[in-house]
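Atoms within each ligand, like the ligands themselves, are counted from 1 in listed order. Residue numbers count from 1 along this sequence. What you see below is based on every heavy atom in this structure, not just the backbone, and it leaves out hydrogens, waters and symmetry mates.
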Amino acid sequence: MVKFFSINVPGYEKVIEAIDESAGLHCLIAIHDTRLGPGLGGTRIFPYASREEALDDVLRLSEGMTYKSAISQVGTGGAKAVIFGDSKGKKSKEMLHAYGEVINSLNGEFITAEDVGTTTEEVAIMREVTPYLVGLPIEIGAGDPSPFTAHGVIRGIEATCQHLFGSRSVKGKRVAVQGLGKVGIIVAEQLFWQGAELILSDIDEKKAKEVAKRFHAEVVAPDEIYGVECDIFAPVALGGIINDKTIPMFRCKAIAGATNNQLLEERHGNILSKKGILYAPDFLINSGGLIQVTCEIDPDGYSAKAARDKIDTIYDTLLEIFAKADKEGRSTESVAIEIAKHNIANLIGKRKTHLSLKTPQDNVTHKKTSYTHAKNQ
Ligand code: NAD
């Protein structure tokens, strides 16, 4: 039996906590803003040290999704979910089904996908009890969004090179990649083929060494990546890594990578700009995956080409943001947030079509779950 609690957080439309002890589920879902469409965001599984840490993460991530959706004009709002658990361990079907029921109880206000600690296969298991999922396995959907996210990051790195060096080519540029997971490994491979010089790091040392051998790269220890002298530092691991401790260590000319919530606080974007380090706002450069999953639910049917073409526009949008930030002497982060807020206030990119969620009746039991979300704060 799932127990629900509603948490009142100013500035957020809905925040709920759900616990099902027998299924081993403890999750938090934050719906930040749905003015442009239903709240959409991945579900992260992570061994959070405390409830406060998990709540802080879900709130920050869901707000980031609002800006990402708004700047990409994909007709969705901002939301996110986190589940307490082991990111790498096997997740039980019972827990995934209990979580699916929690999603179902929100009746489409929240649509989710894979994220750090979850896979498209686990999303397929959740789908056995709820239709409110995207990023489905290729047999029934568009597959893992990570390659699309990586493609957007490459476009973003090219825009960064264009702005800094007058050419979009990464050939001969030194790029330090932090994190070699689903996105980072593709980013590293693409950069290798385009002639970049790579410096890699992952907390999984064995994986870092293997990838380095394949792509002629140097490996540094996780703590050393911040101080590597390079043209571009590409964070593709976990958030909050641009902070008071790391900024004095940076010897890069720019930061452009997929990690969500790279800036620990918004003021760190201003510090970077004063230091002369160009920053590609994370919620724009990493929007490729969101663009792909929203193409998956397009009522006209999924087109990988349409997704790729839209992701390619990240290049031009970033160049515009870099130019505006330079002209007005502001941080790139504040310019990007301003564009996102302008789109929300003027309903630019608001969803006009219905969502084409996959609901094959043969293997999905769509129970209309009605739960009361009791208040606990
Ligand atoms: P992942 O879990 O597959 O990979 C993360 C990698 O980072 C792992 O290999 C892990 O060992 C490594 N790592 C963790 N901490 C590290 C550290 N301190 N130093 C070096 N390496 C470290 O995740 P992913 O799907 O590749 O996503 C990476 C980042 O991009 C996340 O912040 C995610 O939220 C963001 N993102 C991903 C997508 C997507 O489509 N997968 C979309 C948008 C944003």
Side-chain angles (χ1 to χ4, degrees), residues 40-47 57-58 60-62 64-65 67-69 71-72 74 78 80-82 85-89 112-123 134-135 142-154 156 176-189 199-212 219-228 233-243 245-246 249 255-264 280-296 307 311 314:
L40 192 151
T43 294
R44 177 167 291 195
I45 299 186
F46 193 75
D57 207 27
V58 80
R60 280 165 52 81
L61 288 163
S62 63
M65 285 307 297
Y67 299 143
K68 194 185 302 197
S69 303
I71 207 162
S72 314
V74 289
K80 198 87 182 184
V82 298
D86 176 7
S87 313
K88 293 198 171 132
T112 195
E114 58 87 47
D115 196 82
V116 172
T118 46
T119 62
T120 48
E121 288 70 32
E122 286 154 4
V123 169
V134 287
D144 181 1
S146 304
F148 290 77
T149 303
H151 177 68
V153 171
I154 295 294
V177 182
Q178 178 193 44
L180 301 164
K182 288 174 290 201
V183 179
I185 197 160
I186 305 174
V187 168
E189 174 162 10
I199 303 98
L200 307 177
S201 174
D202 197 290
I203 45 170
D204 181 341
E205 215 178 301
K206 187 167 169 272
K207 178 159 68 174
K209 282 189 181 150
E210 281 169 10
V211 179
V219 176
V220 295
D223 283 350
E224 285 172 23
I225 195 91
Y226 305 111
V228 165
F233 168 44
V236 201
L238 293 179
I241 47 85
I242 302 175
N243 53 50
K245 194 172 150 218
T246 56
M249 294 158 85
I255 300 178
T259 299
N260 274 313
N261 291 351
Q262 291 172 32
L263 302 168
L264 186 62
D282 51 11
F283 61 84
L284 172 60
I285 189 172
N286 74 12
S287 61
L290 172 69
I291 291 171
Q292 189 235 16
V293 298
T294 50
C295 285
E296 184 184 86
I311 293 167
I314 290 173

Among non-hydrogen protein atoms, atom 3 (O) of ligand 1 lies closest to K182 N, 2.9 Å

Residue, atom and distance of the protein heavy atom nearest atom 43 (C) of ligand 1 read N286 O, 3.5 Å

Of all protein heavy atoms, the one nearest atom 32 (O) of ligand 1 is A237 O, 2.6 Å

CE (M249) and CG (N243) are apart, to the nearest 0.5 Å, by 9.0 Å

If we number the atoms of ligand 1 from 1 as shown, the ones under 4.0 Å from a heavy atom of T149 are 38 (C), 39 (C), 40 (O), 42 (C), 43 (C)

Checklist entry - Step by step, would you call V228 with V220 a side chain to side chain contact (heavy atoms under 4.5 Å, CB included)? => result CA-CA 9 Å; V228 165; V220 295; 4.1 Å; yes

- Is the closest N or O pair between K207 and ligand 1 shorter than 3.5 Å? yes

Nearest non-hydrogen protein atom to atom 11 (O) of ligand 1, with distance, is D202 OD1, 2.7 Å

Closer than 4.0 angstrom, basic N to acidic O: yes or no for R44 and D57? yes

Counting from 1 in the order shown, the ligand 1 atoms closer than 4.0 Å to a non-hydrogen atom of Q178 are 19 (N), 20 (C)

of all protein heavy atoms, closest to atom 6 (C) of ligand 1 is G181 N, 3.7 Å

Counting heavy atoms under 4.0 Å, the part of L180 that contacts ligand 1 is backbone

Exercise. Is there a donor in the side chain of T118 and an acceptor in the side chain of D115, or the other way round, less than 3.5 Å apart?
Worked result: no

Nearest non-hydrogen contact to atom 23 (O) of ligand 1 from the set V116, D144, I285, V187 belongs to V116

Query - Close approach, S146 and ligand 1, non-hydrogen under 4.0 angstrom - result: yes

Atom 36 (N) of ligand 1 has as its nearest protein heavy atom A258 O, 3.8 Å

Would the distance check show the side chain of D282 and the main-chain N or O of N261 forming a donor-acceptor pair, the cut-off being under 3.5 Å?
yes

Rounding to 0.5 Å, atoms CD1 (I242) and CD1 (I255) come to a distance of 4.0 Å

Closer than 3.5 angstrom, by distance alone: can the side chain of T112 be matched with the main-chain N or O of G41 as a donor-acceptor pair?
yes

Between the OG1 atom in T149 and the CD1 atom in I285, the distance rounded to the nearest 0.5 Å is 11.0 Å

Is there side-chain contact between F283 and I71, with at least one heavy-atom pair below 4.5 Å? yes

Closest to atom 28 (C) of ligand 1 (heavy atoms only, candidates V183, I203, V236) is V236

